[in-house]
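Comments concern the structure below.
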Amino acid sequence: MLGLLLLFNGGFMLLSALISFFYQDGVTLSICLAGIITSLIGILCMFFTRLHEKEINKREGYIVVTFGWVIMSLSGTLPYVFTNSIPEFTNAFFETISGYTTTGASILNDIEAVPKGVLFWRSMTHWIGGMGIIVLAIAILPLLGIGGMQLFAAEAPGPSTDKLHPRITDTAKRLWLIYVGYTAAETILLTAAGMSFFDAINHALCTLSTGGFSTKNASVAYWNGQPIIQYIIILFMFLAGTNFVLSYFAFKGKVQKIIHDEEFKLYFKFIAVFTIVAALVIYFRADVSASSIDHPMVWGEGESAFRHSLFQVLAIVTTTGFVTADYTLWTPFLMVFFFGLMFLGGSAGSTSGGVKVVRHLILIKNGFLEFKRTLHPHAIVPVRYNKKAINRFIVFNVLAFFILYMLSFIIGSLGFSIMGIEFKSAVGLAASTLGNVGPALGDYGPVNNYAGLPSLGKWWASFLMLIGRLELFTVLILFTPFFWRNR
């Protein structure tokens, strides 16, 4: 399976080499060499393990998922190193794992100077990572019993919690088709709105994967003078942060399933309320004269305040991480506000990172039910989701996930502070990398990058990005002694 992933990776590198050849950026052979080497290693892995048993149980599942992401990230550094775009391995690995985990944190100081073939590969790492997350959500995580995903598995046609159903392949194919279709649609719309085709396809790849890499140093703020471009990206950020199964239901005409889905309703309400709050603060209180990144804006108008607040709320909630302005300069309230949004996340079954809305929903419901249980200790009061009682083990799993997530955030912050990073930057880095958001706070805020992070800090951030992307348990269980004991 790891060999197959490498073969898959190599194929996308060769596609990037084709883009490089088309634009004549001078690095075609280097990217092509990276693709050939990666593909050959993949073929050799598959050849030497061809006689092994194909069945995968839970234990092997955890190993395949974790090592799959690590091996993809290691091989993904080759185009950067071979083209000398990012010659240092630590920086190349950081940029690559930031791509595959759809975090979007970058160490590049001058993105526009990077060859187009390498920029396309950089965006492609996002798109591969996002597509991989859909497959994980549909096929592997329900099999492993990862918290929260059982709910998604119950809604999705195909998978069961104890084995892979034959229809799982069909389900994954349909979701991939939607993923590809959305990417193509956004590319066409962005091109029609005035972006170059190259910029459009790169931003489409990075939007649908909720990644955040841009082809411009100023990110989406480069098009601050063209609101229609930002509205198109807003639409697709919203869709990317929604459970892809709901998109499938929408195309099948099952609109009632979407309307009655509790997670979708809460996701929509969160975005609406947070946008209104941010827009009002921007309109009445924010000193935004210094927060526009590239193009000077007329910020006094209500539309501008609404658009920038909606864009940044969606960019943080869906963990896409695109930037239209430096929101840390708006007001101290909004800086803390956006920091809090880093812990929200999009919907389960989407490409977004973070805790996920469904987990917050279960935590809120369970919290309120505790009042009832206090008054009526002998009553059986189950938590309900979409009008169905949830197994109490799922509730325990969600509680455990949330506790583990907060512990990881605290330990992550301590790790950065040990390296001499000041408090605001340390907590911002931990929240952003663990939630796969991208922009952080302080020295690593929306208008800065991660180039100044110490080498050890980059490896620590890479680890946080990986555990955050793979739902904590998937990676951290490998560090438990009982995982490696004989059955």
- Taking Glu263 for its side chain and Ala348 for its backbone only, find out whether a donor-acceptor pair lies under 3.5 Å. yes
Are Leu478 and Phe483 close enough that some pair of their side-chain heavy atoms sits under 4.5 Å apart? yes
Scanning both residues in full, the closest heavy-atom pair of Asn202 with Ser123 reads OD1-OG, 2.6 Å
- Using modelled atom types only, decide if a donor and an acceptor are shared between the side chain of Ser209 and the backbone of Thr102 within a distance under 3.5 Å. no
Tightest non-hydrogen contact, residues Leu205 and His126, listed as O-CB, 4.4 Å
*Cationic tip of Lys254 within the cone over Phe249's six-membered ring, i.e. under 6.0 Å and within 45° of the normal?*
no
*Establish, yes or no, whether a centroid distance under 6.0 Å links the rings of Trp459 and Phe93.*
yes
N-O pairing of Lys387 and Glu262 below 4.0 Å
no
Next item on the list: For Gln230 and Asn224, test the side chains for any donor-to-acceptor distance below 3.5 angstrom and give the result as yes or no.
Entry: yes
Checklist line | Distance-only side-chain donor-acceptor flag, Thr324 / His308, under 3.5 Å | finding: yes
Minimal heavy-atom distance between Phe213 and Ala105, with the atoms involved, is CE2-O, 3.6 Å
Using 4.0 Å as the upper bound for N to carboxylate O, is an ion pair formed by Lys458 and Glu95?
no
Margin query: Tell me whether Thr96 contacts the main-chain N or O of Ala92 through its side chain, where contact means a donor paired with an acceptor under 3.5 Å.
Written below: yes
Asn386 side chain vs Lys388 backbone, donor-acceptor pair below 3.5 Å: no
| query | Distance only, no hydrogens: is a donor on one side chain within 3.5 Å (strictly under) of an acceptor on the other, for Asn366 and Arg373? | reply | yes
ask   = When the ring planes of Trp460 and Phe463 are compared, do they come out parallel, tilted or perpendicular, using 30° and 60° as the limits?
value = parallel
Margin query: Using side-chain heavy atoms (C-beta onward) and a distance below 4.5 Å, is Phe338 in contact with Trp330?
Written below: yes
(message) With a 6.0 Å cut-off on the ring centroids, do Tyr283 and Phe306 count as close?
(response) no
dist Thr207:OG1 -> Phe236:CZ (nearest 0.5 Å) comes out at 9.0 Å
>> Both conditions, 6.0 Å and 45 degrees, for the charged tip of Arg469 above the ring of Tyr100: are they met here?
In response: no
| message | I want to check something: taking the side chain as every heavy atom from C-beta on, are Thr210 and Asn436 in contact at a cut-off of under 4.5 Å? | response | no
- Query: Do Trp69 and Thr101 meet the criterion of a side-chain donor-acceptor pair at a distance under 3.5 Å?
  - Reply: no
Measure the shortest side-chain to side-chain distance between Leu399 and Ile362 over non-hydrogen atoms and say whether it is less than 4.5 angstrom. no
_If you define the side chain from C-beta out and look only at heavy atoms, does anything of Lys252 sit under 4.5 Å from Lys257?_
no
Let's go through Glu370 and Lys365 carefully: what are the C-alpha distance in whole Å and the side-chain angles of both, what is the deciding distance for salt bridge (charged side-chain N to carboxylate O under 4.0 Å, His left out) to 0.1 Å, and is it a yes or a no? CA-CA 9 Å; Glu370 280 301 318; Lys365 284 193 170 191; over 6 Å; no
| task | Given side chain to side chain donor-acceptor pair (under 3.5 Å), test Asp261 with Asn243 step by step and report yes or no. | result | CA-CA 10 Å; Asp261 185 81; Asn243 188 334; 5.8 Å; no
Residues at least two apart in sequence or cross-chain that pass side chain to side chain donor-acceptor pair (under 3.5 Å) with Tyr182, listed by chain then number, are Ser247
*Verify whether one side chain among Ser75 and Asn9 offers a donor that lies under 3.5 Å from an acceptor in the other.*
yes
Quick note, salt bridge (Lys or Arg N to Asp or Glu O under 4.0 Å) partners involving residues 415-443, not counting sequence neighbours, are none
Ignoring hydrogens and angles, tell me if any N or O in the side chain of Thr318 forms a donor-acceptor pair with the backbone of Gly241 under 3.5 Å.
no
message = Walk me through whether Leu404 and Phe473 qualify under side-chain contact (heavy atoms from CB on, under 4.5 Å).
response = CA-CA 9 Å; Leu404 196 57; Phe473 295 111; 3.8 Å; yes
By side chain to side chain donor-acceptor pair (under 3.5 Å), Thr66 pairs with (sequence neighbours left out) none
ask   = Any side-chain heavy atom of Met342 within less than 4.5 Å of one from Ile316?
value = yes
